[in-house]
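In what follows, a structure is listed as structure tokens, so that the remarks can point back to it.
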Amino acid sequence: MTSIPLHAPYEVRRSKVLAAAYDQTHLRLKVEVARNECAIEAMVPELCAIVERAVKRSRRAN
């Protein structure tokens with residue numbers, strides 16, 4: 001069974017070919033989002049270090 005949302009156009013909901021393409025695209029996008037979230041999560045320590053250095057420089061300047 002496909003996961004086509006009810007707000008999708010009627011032609012997409014009724015066509016098995018279009019529904020399969022929709023599912024494939026939806027899955028590809030979910031995987032891409034998950035990959036991007038992992039990349040962002042991996043950057044957190046580096047970003048925290050950058051912010052900490054900026055805060056220290058700001059405190060020294062004042």
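Only heavy atoms go into these numbers, but all of them, side chains included; no hydrogens, no water, no symmetry mates.
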* Other hydrophobic cluster members with Val31, side-chain heavy atoms of Ile/Leu/Val/Met/Phe/Trp/Tyr under 4.5 Å, chained? -> Leu27
* **Results of side-chain contact (heavy atoms from CB on, under 4.5 Å) for Ile40 - residues two or more places apart only** => none
* Asked: Out of curiosity, Arg53 CZ to Ile50 CD1, how far, rounded to the nearest 0.5 Å?
  -> 5.5 Å
* **Test side-chain contact (heavy atoms from CB on, under 4.5 Å) applied to Val33 - qualifying residues, sequence neighbours left out** => Glu37
* Kindly write out the residues that satisfy side-chain contact (heavy atoms from CB on, under 4.5 Å) with Arg59, not counting sequence neighbours, or none if the list is empty. => Val55
* Asked: Are the side chain of Thr25 and the backbone N or O of Ala21 linked by a donor-acceptor pair below 3.5 Å?
  -> yes
* Glu32: what forms a side-chain contact (heavy atoms from CB on, under 4.5 Å) with it, not counting sequence neighbours? -> Arg28, Leu29, Asn36
